[in-house]
Number of protein chains: 4
Amino acid sequence: MSDSEWITELINDTDTTMSEKQRKILEAAIDTFSEKGYAGSSTSEIAKKAGVAEGTIFRHYKTKKDLLLSIVTPTIARFAAPFFIKTFTKEVFENEYEHYEDFLRVIAKNRLEFVRKHFPILKIFIQEIAFHDELREPFQQLFTEHVYQKFKKIIEHFQEKGEIIDLPPETIMRMSASSIIGYILPRFLLFPEKEWDDDKEIDQLVEFILYGLSGKR
Amino acid sequence: MSDSEWITELINDTDTTMSEKQRKILEAAIDTFSEKGYAGSSTSEIAKKAGVAEGTIFRHYKTKKDLLLSIVTPTIARFAAPFFIKTFTKEVFENEYEHYEDFLRVIAKNRLEFVRKHFPILKIFIQEIAFHDELREPFQQLFTEHVYQKFKKIIEHFQEKGEIIDLPPETIMRMSASSIIGYILPRFLLFPEKEWDDDKEIDQLVEFILYGLSGKR
Amino acid sequence: MSDSEWITELINDTDTTMSEKQRKILEAAIDTFSEKGYAGSSTSEIAKKAGVAEGTIFRHYKTKKDLLLSIVTPTIARFAAPFFIKTFTKEVFENEYEHYEDFLRVIAKNRLEFVRKHFPILKIFIQEIAFHDELREPFQQLFTEHVYQKFKKIIEHFQEKGEIIDLPPETIMRMSASSIIGYILPRFLLFPEKEWDDDKEIDQLVEFILYGLSGKR
Amino acid sequence: MSDSEWITELINDTDTTMSEKQRKILEAAIDTFSEKGYAGSSTSEIAKKAGVAEGTIFRHYKTKKDLLLSIVTPTIARFAAPFFIKTFTKEVFENEYEHYEDFLRVIAKNRLEFVRKHFPILKIFIQEIAFHDELREPFQQLFTEHVYQKFKKIIEHFQEKGEIIDLPPETIMRMSASSIIGYILPRFLLFPEKEWDDDKEIDQLVEFILYGLSGKR
DNA sequence: TATGAATGAGCATTCATTCAT
DNA sequence: AATGAATGAATGCTCATTCAT
């Protein structure tokens with residue numbers, strides 16, 4: 001399976017062939033891994049929560065790590081999907097987003113939406129990426145080859161237009177991303193129960209980034 | 001032991017009473033927890049790495065979790081130390097930092113220095129805080145009662161002076177902090193082997209935050 | 001089913017009613033048991049090797065042990081077949097073999113041939129007879145009631161003719177058999193890849209036994 | 001540890017450093033492996049029989065296979081010990097044994113004695129050698145480099161003296177050995193409860209081999 | 001104080017067998 | 001007849017913790 005096929009397959013979320021039991025197992029595993037971490041979760045606990053025999057887990061997933069990857073891999077691929085490079089012509093960016101602000105706002109909103117829907121899985125990913133080469137390596141590659149490259153082109157495009165300051169693209173990227181992530185983490189991880197006005201917050205966030213990065217000083 | 005005694009004790013780095021073996025155990029545990037996570041590390045592995053018998057660990061630390069807390073707690077307390085409220089009068093802030101920029105730069109530089117020295121322990125903290133009430137609760141308290149309160153006063157002080165925009169202090173705080181953390185994490189966690197010019201990067205960072213938060217728009 | 005019916009059925013190699021799948025299962029099981037031993041083989045491995053579903057094995061053989069017996073029993077019965085007593089009159093022996101040498105040579109040659117054809121199954125038998133009463137008991141009976149009795153009569157016959165020394169028949173039997181087996185085991189089990197000149201070796205073997213057992217000393 | 005050191009260590013049966021529990025574990029393991037085979041024995045069963053916790057087994061023997069090797073290896077080495085080549089001069093053989101008969105009788109008697117003492121372990125060896133490379137390889141080497149070489153020299157020595165027939169030494173060896181083994185196996189494995197007059201049987205055995213191999217025909 | 005043998009609950013995984021389809 | 005999902009007991013092994021020395 002080639003790289004792009006793999007991506008295509010991951011993004012089209014066609015888990016249509018999953019049995020009832022399999023779905024229950026995945027749900028229980030997401031729950032448990034998310035709450036206690038991978039190493040802190042036992043397959044027997046997951047089986048009990050899923051209402052299946054322990055052996056059933058291993059009929060569907062060869063190992064516990066296999067179960068982890070089956071949970072995390074497709075979701076992360078889909079999280080990164082918007083950054084996939086499909087075309088390299090400048091026109092596309094110009095058509096896609098007239099201003100850096102547009103790009104930022106769109107990304108912030110739809111990735112926030114994605115996080116809202118899939119936070120437990122993303123949390124597992126964040127927790128476990130440090131400990132599993134099988135997780136780190138493919139996503140490091142995915143990031144450097146797709147996300148980073150596309151993001152960079154977008155930044156350079158708007159730097160040429162004079163919209164954003166002339167710092168190294170990865171610095172711009174880091175500042176933009178960390179601001180957004182710096183909203184997402186408290187929002188979902190630390191104080192999820194607080195009432196958040198996402199739209200207003202994102203507006204402030206975008207404005208903060210834009211002024212911070214504006215060339216006019 | 002009252003709350004403040006506890007804090008005092010933690011900050012004064014009184015590791016003077018530690019035996020050679022104890023120090024070796026701590027070192028080995030930091031190494032191991034940092035590399036494999038708490039649940040993924042075994043006490044026997046730590047004992048072997050420390051060159052002591054398995055039982056020796058439990059002579060010094062009642063349980064494995066005790067060992068974790070002994071590692072993480074004092075370092076985190078010291079990480080937060082600069083934000084401790086010792087005085088509540090406005091004069092102090094004015095003397096301490098003339099501009100928000102000064103405050104930001106000082107904090108960024110010395111907390112970065114602290115991270116450089118203690119990154120493995122901080123990494124353990126970040127990884128494990130989600131899974132252990134014994135970690136989360138005291139530091140949530142420490143944060144809301146000290147760090148947050150002091151940070152808020154500082155922000156309000158500079159908002160009154162018109163230096164920074166009139167958003168809710170916690171929004172300001174989040175934006176400031178996440179920008180700095182957004183530098184620290186790639187810097188130490190993702191690409192530690194890259195060559196970083198910390199001084200230049202921090203200057204850019206501070207500038208980014210200041211412009212982003214400046215009231216003049 | 002009476003004892004003699006059982007024997008008759010086993011000897012007539014009526015595997016005619018076996019389906020394709022059943023044959024594949026038997027083949028795979030022989031392969032696997034022979035290579036890893038009964039307890040070291042799993043039914044799932046056998047199923048995979050046979051290209052059938054796990055359940056299919058249990059449709060044909062109630063249990064794993066049933067499968068073992070189905071493999072081993074008929075082949076061992078046929079291995080012992082030449083020793084079955086069909087008649088008890090002396091004349092038969094005299095007609096069958098003029099000298100002990102003839103008997104020895106014929107037995108050695110055709111049992112060697114049999115071993116060549118069925119070695120994997122015989123190996124399973126040798127390995128497993130120690131652990132399964134269901135194997136040991138019928139074949140102990142078969143041996144003491146048929147093989148031993150007929151062998152004994154033959155030996156006594158040639159002792160009367162003065163061809164072989166006057167030791168207890170079972171001693172003669174043991175010496176004859178162990179010499180032959182002592183060729184077969186290295187030949188097939190230890191060094192099967194060596195080049196063996198079976199005819200010459202058997203000639204030497206028969207001579208060795210004959211001289212060893214000859215009464216003229 | 002060099003080859004010869006290894007041998008020396010194995011032969012000197014210095015299990016002096018074994019704790020009570022360790023001894024109990026070995027005994028129970030020998031019992032169980034001997035009765036049910038390696039694959040058919042469970043560590044929990046062995047632990048129960050030894051009166052220790054299951055974990056205790058694994059403190060002394062890293063794996064179940066380690067336990068097997070710890071049982072079998074030293075005993076087999078000691079079984080082969082009499083065949084170790086210590087000297088290569090002809091004089092030694094002449095002093096050691098005046099006739100092939102002497103050699104045969106001594107070997108038969110003392111190896112029989114050894115088997116009597118260690119039969120359960122030897123049985124385990126015989127059963128398991130087919131399935132474990134870790135067993136087969138070192139003993140194949142030990143056999144071809146020591147036992148076979150010394151045996152061959154002895155045979156050639158007596159062939160030169162005209163005592164035994166001029167067949168290939170390995171044929172002589174096979175016939176001698178299989179005759180002896182052909183006594184040992186029924187003696188201990190098949191009918192251990194029968195009353196055996198070992199001395200008389202060995203005399204007959206030696207005579208059988210000698211006449212069988214005698215050159216005078 | 002330090003040891004390391006001993007524990008037994010718990011772990012991920014495999015097993016032979018069943019049964020609805 | 002054949003499947004393969006499902007089972008849950010059993011497996012080899014690891015774990016944090018205890019305790020006699």
Side-chain angles (χ1 to χ4, degrees), chain A residues 19-22 24-25 38-48 50-67, chain B residues 19-22 24-25 38-48 50-67, chain C residues 19-22 24-25 38-48 50-67, chain D residues 19-22 24-25 38-48 50-67:
Chain A
S19 77
E20 177 66 14
K21 300 243 168 193
Q22 201 167 157
K24 285 277 201 75
I25 290 169
Y38 172 79
S41 305
S42 82
T43 51
S44 92
E45 185 186 0
I46 293 169
K48 205 173 295 168
V52 303
E54 205 167 348
T56 306
I57 290 178
F58 291 92
R59 175 158 301 277
H60 293 287
Y61 307 92
K62 268 211 305 265
T63 62
K64 190 188 171 193
K65 180 157 285 178
D66 212 47
L67 177 56
Chain B
S19 78
E20 178 68 11
K21 301 242 167 199
Q22 202 163 348
K24 286 277 199 73
I25 290 169
Y38 171 79
S41 304
S42 78
T43 51
S44 92
E45 186 186 0
I46 293 168
K48 202 175 297 167
V52 303
E54 287 191 57
T56 307
I57 291 178
F58 291 91
R59 180 151 304 278
H60 293 284
Y61 307 93
K62 265 211 312 262
T63 64
K64 190 188 171 192
K65 180 156 285 178
D66 213 46
L67 176 56
Chain C
S19 78
E20 178 67 10
K21 300 242 167 199
Q22 203 164 347
K24 286 277 199 77
I25 290 170
Y38 172 78
S41 304
S42 79
T43 50
S44 93
E45 186 186 359
I46 293 168
K48 203 176 296 167
V52 304
E54 288 192 55
T56 306
I57 290 179
F58 291 91
R59 179 152 304 276
H60 292 286
Y61 307 93
K62 266 210 312 261
T63 64
K64 191 188 171 191
K65 180 157 284 177
D66 213 44
L67 176 57
Chain D
S19 78
E20 177 67 13
K21 301 242 168 197
Q22 202 167 157
K24 286 277 200 75
I25 290 169
Y38 172 78
S41 305
S42 81
T43 51
S44 93
E45 185 185 0
I46 293 169
K48 207 173 294 167
V52 304
E54 203 168 349
T56 306
I57 291 178
F58 292 93
R59 174 159 302 278
H60 292 287
Y61 307 93
K62 267 209 306 263
T63 63
K64 191 189 170 192
K65 179 157 285 177
D66 213 47
L67 177 56

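Side chains are part of it too, since the values below use all heavy atoms of this structure and drop only hydrogens, waters and symmetry mates. Naming convention: chains lettered A, B, ... in sequence-line order (proteins, then strands); numbering from 1 in each chain.
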Rounding to a whole Å, what distance do you find between D:Asp66:CG and F:dT14:C1'?
16 Å
Tell me the interatomic distance from B:Lys21, atom NZ, to E:dG4, atom P, rounded to whole angstroms.
9 Å
According to a strict under-4.0 Å criterion, is A:Thr56 in side-chain N/O contact with OP1 or OP2 of F:dA5?
no
Respond yes when some side-chain nitrogen or oxygen of D:His60 is under 4.0 Å from OP1 or OP2 of E:dA6, and no when none is.
yes
Can you name the residues that form a side-chain hydrogen bond (donor to acceptor under 3.5 Å, both in side chains) with D:Thr63, not counting sequence neighbours?
none
Nearest-Å distance for atom pair CD/P, residues A:Gln22 and F:dT7
13 Å
Smallest separation among heavy atoms of B:Ala39 and A:Ala39, with atom names
CB-CB, 3.7 Å
Wobble G-U and Watson-Crick pairs count when both distances are under 3.5 Å; given that, what is the 5' to 3' dot-bracket string of DNA chain E, with | for pairing to other strands?
.||||||||||||||||||||
Distance, nearest 0.5 Å, that separates CG of B:Leu67 from OH of B:Tyr38:
8.0 Å
Figure out the OH/P separation between D:Tyr61 and E:dA6, and round it to whole Å.
11 Å
Closest non-hydrogen atom pair between D:Ile25 and D:Ile46, with its separation:
O-CG2, 4.1 Å
Given that D:Gly51 and B:Ile57 both sit by DNA chain E, which one's nearest nucleotide is further toward the 5' end?
B:Ile57
Would you be so kind as to tabulate the donor-acceptor pairs closer than 3.5 Å made by side chains of residues 51-62 of chain C, with sequence neighbours excluded?
from    : atom 1 : to      : atom 2 : distance (Å)
C:Thr56 : OG1    : C:Ala53 : O      : 3.4
C:His60 : ND1    : C:Gln22 : OE1    : 3.4

Rounded to whole Å, please give me the gap between CD1 in D:Ile46 and P in F:dG12.
8 Å
Partner set under side-chain hydrogen bond (donor to acceptor under 3.5 Å, both in side chains) for A:Lys65, not counting sequence neighbours
A:His132, A:Glu134
What is the separation between atom NZ on B:Lys48 and atom P on E:dG4, rounded to the nearest whole Å?
13 Å
Euclidean distance, atom CD of residue B:Glu45 to atom C1' of E:dG4 [Å, nearest integer]
18 Å
Under 3.5 Å, which protein N or O atoms sit close to an N or O of nucleotides 13-16 of chain E? Give each pair with its distance.
from   : atom 1 : to      : atom 2 : distance (Å)
E:dT13 : OP2    : A:Lys64 : N      : 2.6
E:dA16 : OP1    : C:Ser41 : O      : 3.2
E:dA16 : OP1    : C:Lys64 : NZ     : 2.9
E:dA16 : OP2    : C:Thr43 : N      : 2.7
E:dA16 : OP2    : C:Thr43 : OG1    : 2.8

Could you please name the option among F:dG4, E:dG8, F:dT7 that lies closest to any side-chain atom of D:Ala53?
E:dG8
Could you check how far CD1 of A:Ile25 sits from C1' of F:dT7, rounded to whole Å?
12 Å
